[in-house]
K.L.:
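Can you read through this structure? Questions will come right after.
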Amino acid sequence: MKYIDMHCDTLMEAFFAGKEDIYEFPNAMVDLRRMAQGMCMAQFFAVFLPCNDIWEWYQKEPVSDDEYIEACENIFYASIKQYPAILAYAGNGRDIEDNHKKGLMSALLTMEDGRAVQGKISRLEEFYKHGFRLISLTWNDKNCFGSPNSRKAEIMKEGLTPFGKEAVVRMNELGMLVDVSHLSDGGFYDVSRVSKKPFVASHSNCREICNHPRNLTNDMLRILGERGGAAGVNFGPEFLDDTPGNEDSRIEQMECHLKHMIRYGGIECAAIGTDFDGIEGNLEISSPAFMDRLFEHLKKDGLSSEEIEKIAYKNVMRVLHEVL
């Protein structure tokens, strides 16, 4: 079944591996070849901004955010330019539909951690001109947009900065998705009040099932559903099951979170946000090539074809049409 995935970190992996494109990238979870095998309709490719620990992990000398972003953009656009028979850029829902009719997969450019915006609307607009169509407002540190998810209650309560609120309004005007994954609870509620258009949690699960601050509460799921947004189920073990020592990512767990999303946010709320190349562990679905395992499992467990299609791609397409 065709599907849309709202988040992967493959551009970061390609950057650190010195790759010029991602057609075939066996050391990563995602590449164009396996996307085609899995019948991917569209993939959101995040430019994730590394913290110092990640530069040290890869034993690379840090470069400026702008230099890093440009390098990731080059990999993204080179992959499109080098393989026009299978992949095309998409800036909105209509592009995805047009590409699909031509037998092409779509690539959307996104950013994880809005720190590079530097509190300037002009930089936000510049990123839009470069093709970015979604920004995850924060990662795990405070930035110009607001505060991150945290196990510290005082940080979790903090909302958007004045600039963050202004930026959400401008993102609505530009046609750029606001992503609340990694955002503090206070920030989530500020987005829900400020944004006039649907917003997403591109790769977040359900906190009642797995008590991780990255996951969404039942009230957040309800609001997300009421506002016409979507949450992408994250395949990371720590976001699926908080049992101490758990390193397993199982389809059964994914289904549990999807059904919980549907229970509190409605069937229109549930979507896919794998977090491929940003997660590790014993993964039952370890690449796009195996995505159909999830949909087959949902079908065997009684979900209708229409419900599965909404989860797989229709809900995200609806949000894209409304926002972009």
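In what follows, every heavy atom counts, from backbone to side chain, and hydrogens, waters and symmetry copies are set aside.
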K.L.:
Ignoring hydrogens and geometry beyond distance, is a side-chain donor-acceptor pair present between Thr138 and Asp113 at under 3.5 Å?
P.N.:
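No donor-acceptor contact under 3.5 Å links the two side chains.
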K.L.:
Treating Ile, Leu, Val, Met, Phe, Trp and Tyr as nodes and any side-chain heavy-atom pair under 4.5 angstrom as an edge, say whether Ile155 and Val180 lie in one connected cluster.
P.N.:
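Cluster IDs for Ile155 and Val180 differ.
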K.L.:
Is it true that, when you exclude Arg193 itself, more than 12 heavy atoms of the residues, nucleotides or ligands shown sit nearer than 6.0 Å to its CZ?
P.N.:
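Atom CZ in Arg193 is crowded, with more than 12 foreign heavy atoms closer than 6.0 Å.
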K.L.:
Assess, by modelled atom type and distance only, whether the side chains of Asn282 and Asp248 contain a donor and an acceptor separated by less than 3.5 Å.
P.N.:
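Yes - a donor-acceptor pair under 3.5 Å links their side chains.
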K.L.:
Give a yes or no on whether Leu108 and Met29 share a hydrophobic cluster (residues Ile, Leu, Val, Met, Phe, Trp, Tyr; joining criterion: side-chain heavy atoms under 4.5 Å apart).
P.N.:
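Not linked; separate clusters.
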K.L.:
State, yes or no, whether a side-chain contact exists between Met35 and Ser287 at a heavy-atom distance under 4.5 Å.
P.N.:
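When only atoms from C-beta onward are counted, Ser287 and Met35 do not touch, as no gap falls below 4.5 Å.
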K.L.:
Under a 3.5 Å cutoff, is there a donor and acceptor pairing between the side chains of Thr10 and Asp277?
P.N.:
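Yes - a donor-acceptor pair under 3.5 Å links their side chains.
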K.L.:
Give a yes-or-no answer on whether the side chains of Asn205 and Asn215 include a donor-acceptor pair shorter than 3.5 Å.
P.N.:
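No donor-acceptor contact under 3.5 Å links the two side chains.
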K.L.:
Find the distance between OG1 (Thr274) and CE (Met291) and round it off to the nearest 0.5 Å.
P.N.:
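Result: 6.5 Å between the selected atoms.
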K.L.:
Just how far is it from atom CG of Asn143 to atom CZ of Arg115, taken to the nearest 0.5 Å?
P.N.:
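It comes to 9.0 Å.
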K.L.:
Would you check if the distance from the ring center of Phe199 to the ring center of Phe188 is below 6.0 Å?
P.N.:
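Between Phe188 and Phe199, which both carry aromatic rings, the centre distance is below 6.0 Å.
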K.L.:
Keeping Tyr83 on the side-chain end and Ala88 on the backbone end, is there a donor-acceptor pair under 3.5 Å?
P.N.:
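It does not hold such a pair.
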K.L.:
With under 30° as parallel and over 60° as perpendicular, where do the rings of His260 and Tyr264 fit, or are they tilted in between?
P.N.:
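The arrangement is tilted - the two ring planes meet at 30° to 60°.
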K.L.:
Verify the distance criterion only: is there a donor paired with an acceptor across the side chains of Tyr77 and Gln82 at less than 3.5 Å?
P.N.:
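Judged by distance alone, the side chains do not pair up.
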K.L.:
For the pair Gln43 (side chain) and Ala107 (backbone), establish whether a donor and an acceptor sit closer than 3.5 Å, ignoring hydrogens and angles.
P.N.:
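The answer is no, because no donor-acceptor pair under 3.5 Å joins these two groups.
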K.L.:
Determine whether the side chains of Arg133 and Thr110 contain a donor N or O and an acceptor N or O closer than 3.5 Å.
P.N.:
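No.
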K.L.:
Do His7 and Glu112 have side-chain N/O donor and acceptor atoms under 3.5 Å apart?
P.N.:
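The answer is yes; a qualifying pair exists.
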K.L.:
Using atom types as modelled and distance alone, determine if a side-chain donor or acceptor of Asn315 lies under 3.5 Å from a backbone N or O of Glu268.
P.N.:
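Yes; at least one donor-acceptor contact below 3.5 Å.
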K.L.:
Does Val200 belong to the same Ile/Leu/Val/Met/Phe/Trp/Tyr cluster as Ile267, with side-chain heavy atoms less than 4.5 Å apart forming each link?
P.N.:
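No, separate clusters.
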K.L.:
Pairing donors with acceptors under 3.5 angstrom, does anything connect the side chains of Ser181 and Ser136?
P.N.:
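No donor-acceptor contact under 3.5 Å links the two side chains.
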K.L.:
Can His321 and Glu97 be counted as having a side-chain donor-acceptor contact under 3.5 angstrom?
P.N.:
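Yes, because at least one side-chain N or O of His321 sits under 3.5 Å from a partner of the opposite role on Glu97.
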K.L.:
What residues form a side chain to side chain contact (heavy atoms under 4.5 Å, CB included) with Glu309, not counting sequence neighbours?
P.N.:
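Only Met1, Glu306, Tyr313, Lys314 meet the side chain to side chain contact (heavy atoms under 4.5 Å, CB included) criterion with Glu309.
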K.L.:
Please assess Glu125 against Lys129 for the test salt bridge (Lys or Arg N to Asp or Glu O under 4.0 Å), listing each intermediate value before the final yes or no.
P.N.:
CA-CA 6 Å; Glu125 294 168 342; Lys129 292 177 183 177; over 6 Å; no
K.L.:
Please determine whether residues Leu177 and Ile69 belong to a single hydrophobic cluster, defined as Ile, Leu, Val, Met, Phe, Trp and Tyr linked transitively by side-chain heavy-atom distances below 4.5 Å.
P.N.:
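Hydrophobic grouping puts Leu177 apart from Ile69.
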K.L.:
Give the cluster check for Leu104 versus Met41: same hydrophobic cluster or not, with ILVMFWY residues linked at side-chain heavy-atom distances below 4.5 Å.
P.N.:
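Different clusters.
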K.L.:
Is any side-chain heavy atom of Phe44 closer than 4.5 Å to one of Asp5?
P.N.:
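With C-beta onward as the side chain, the pair stays apart.
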K.L.:
Check the orientation of Trp55 and Phe16. Use parallel for under 30°, tilted for 30 to 60°, and perpendicular for over 60°.
P.N.:
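Judged by the thresholds at 30° and 60°, the geometry between Trp55 and Phe16 is perpendicular.
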K.L.:
Scan side-chain atoms only and decide if Ser184 and Asn149 contain a donor-acceptor pair under the 3.5 Å cut-off.
P.N.:
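Note: Ser184 and Asn149 side chains miss the donor-acceptor criterion.
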K.L.:
Could you label the plane-to-plane angle of the Tyr3 and Phe295 rings as parallel, tilted or perpendicular, counting under 30° as parallel and over 60° as perpendicular?
P.N.:
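It falls in the tilted class, 30° to 60°.
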K.L.:
Determine whether the side chains of Asp241 and Thr243 contain a donor N or O and an acceptor N or O closer than 3.5 Å.
P.N.:
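Looking only at side-chain atoms, Thr243 and Asp241 do form a donor-acceptor pair, the distance falling under 3.5 Å.
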K.L.:
Side chains of His212 and Glu238: is there a donor and an acceptor less than 3.5 Å apart?
P.N.:
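Distance-only check fails for His212 and Glu238.
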